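When a residue number appears, it is its place in the shown sequence, counting from 1. Whatever order the structure lists them in is the order used to number ligands and atoms, beginning at 1. Worth saying up front: this structure is predicted, and the values here are computed from it rather than measured.
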Amino acid sequence: MNSAQWFERAKQVIPGGVNSPVRAFNGVGGTPVYFKSGKGAKVQTEDGTELVDFCGSWGPLILGHARDEVVEAVAKAAADGLSFGANTAKEAEFAELICTLVPEIEMVRLVSSGTEAVMTAIRLARGYTGRNKILKFDGCYHGHTDYMLVASGSGLLTGGISSSAGVSPAATAEVFVAPYNDLAAVQEILKTSGHEIAAVIVEPIAGNMGLVEPAAGFLEGLRAATAECGALLIFDEVINGFRLGPTTFGHMCGIKADITTLGKIIGGGMPIGAIGGSTKIMSCLSPLGPVYQAGTLSGNPVAVAAGMKTIELLRDENPYPCMAELGKQLAEGINRIAAEKGLDLHCARRDGMFTPFFRKAPVRNLADAKACDTKAHARYFHHMLDAGFYTPPSAFEVAFISAAHTEEHIDAFLEAFGKM
Ligand code: KE4
């Protein structure tokens, strides 16, 4: 059977035929590609094709697909037991590793997804401050917890839905939404409501409306404004964490968030999420403190093995300069070709993360991202797919270069892009 046949069959028993909406290709049209296997920078599909993968499972696969050392660590852990629901030495060692690589994190609690990490972080901020209101940014996506599905980005943005059915107005009534990079809007909200706000949550570098970097002073302004009104600052680093260096973006840019959420890379492809912060704040979590949080598979030994090996390899091999150089070559190549062809696009890039935005003007927030030509993006997506390159099937996501990509992959991508 090929992808189309698998998709028809799956749609009989899985809503929309997918286990996560963005995979349905609604943002780009056409039939979703069914992956069969992956190794390094490439995947093999159920259509018998081979694709160079720039989606990387939406972020976790910074080392590429099926990195030998990670697979071996998973296999060994699995052979010793898939789950215990009890404490293990490995989870303590993993927590120590994260705290060593991220000095701002004194304690870490493992969970099983980024959504669960954000849900816990918000509850922790509310429990620690005794306040209920939250401020988030339009176009930032923080998982599908009810009160985060307010004008969010990522899948919801792709669907053009600014919030989800089934979310009680009560859940979102306490959530302020400001435009990303609009510090004045934040200061305005905090001026009147700062005393009621438990936390401001932000993707330090936004990756769910396409790649949108913080404007100069934006993050520093959030840090100062939250400190002034007693709200906590939550850096949602589910994408950013360990993406730009063997640590968090907050540590790299010298801005200390009160709570950091992690996911994706720290699981190396296995289900994981994490919440990190000071001992004072994290001690509010059950069983130490009054903020309840729990999980059957939290600290799962197989996920911990994959994540720990991934982080160790990133620390020891430091693939970051190479990934950044390849990202530079790719973005500069796209922009050169676009200029030569008079294409209305520019490629935003930070190190090994990139998004081709189909408009010339810069994209600084959700309104800018929505003004891009999504039909042109869809044409780009399918042109590249037909040429053997898999990019995120949405105009509002970020593509990733992994440690397994090489100059040959970038040159081939640009050659194909040049034929658009
Ligand atoms: P998960 O629950 O999907 O593990 O993490 C939620 C999440 C939280 N925070 C940020 C900044 C995130 O980007 C995400 C999830 N990212 C999307 C893609 N950008 C996941 C892909 C999908 O929904 O299928």
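For the residue pair Arg223/Thr226, the side-chain donor-acceptor check at 3.5 Å is satisfied. A donor-acceptor pair shorter than 3.5 Å can be found between the side chains of Gln293 and Arg109.
Residue-to-ligand polar distances keep Glu203 apart from ligand 1: every N/O pair is separated by 3.5 Å or more. Considering both main-chain and side-chain atoms, Glu397 comes within under 3.5 Å of ligand 1 through a nitrogen or oxygen pair. Checked by distance only, ligand 1 and Thr115 come closer than 3.5 Å through their nitrogen or oxygen atoms. For the pair Trp58 and ligand 1, the shortest N or O to N or O distance does not fall below 3.5 Å. Residue Gly114 places at least one N or O, backbone or side chain, under 3.5 Å from an N or O of ligand 1.
Listed by number with element, the atoms of ligand 1 under 4.0 Å from a non-hydrogen atom of Tyr141 are 9 (N), 10 (C), 11 (C), 12 (C), 14 (C), 15 (C). Listed by number with element, the atoms of ligand 1 under 4.0 angstrom from any heavy atom of Lys264 are 13 (O), 15 (C), 16 (N), 17 (C), 18 (C), 20 (C). Set against the non-hydrogen atoms of Ile239, the atoms of ligand 1 under 4.0 Å away are 13 (O). Taking a cut-off of under 4.0 Å to the non-hydrogen atoms of Ser20, the atoms of ligand 1 that pass are 22 (C), 23 (O), 24 (O).
Not a single ring-ring contact (aromatic ring centres under 6.0 Å, His included) links Phe176 to another residue, sequence neighbours left out. Remark: Lys11 engages Glu8 in a salt bridge (Lys or Arg N to Asp or Glu O under 4.0 Å) (not counting sequence neighbours).
Using a 30° and 60° split on the angle between ring planes, His405 and His409 fall in the perpendicular class, above 60°.
The proximity of Arg23 to ligand 1, defined as any non-hydrogen pair under 4.0 Å, does not occur for either the backbone or the side chain.
The aromatic ring centres of Phe354 and Phe400 sit 6.0 Å or more apart. Taking the six-membered ring for Trp and the full ring otherwise, Tyr141 and Phe396 have centroids separated by 6.0 Å or more. Proximity of the aromatic rings of Phe218 and Phe137 is defined here by a centroid distance below 6.0 angstrom, and this criterion is met.
Evaluated by nearest non-hydrogen atom to atom 7 (C) of ligand 1, the leading choice among Ser113, Gly143, Ser394 is Gly143.
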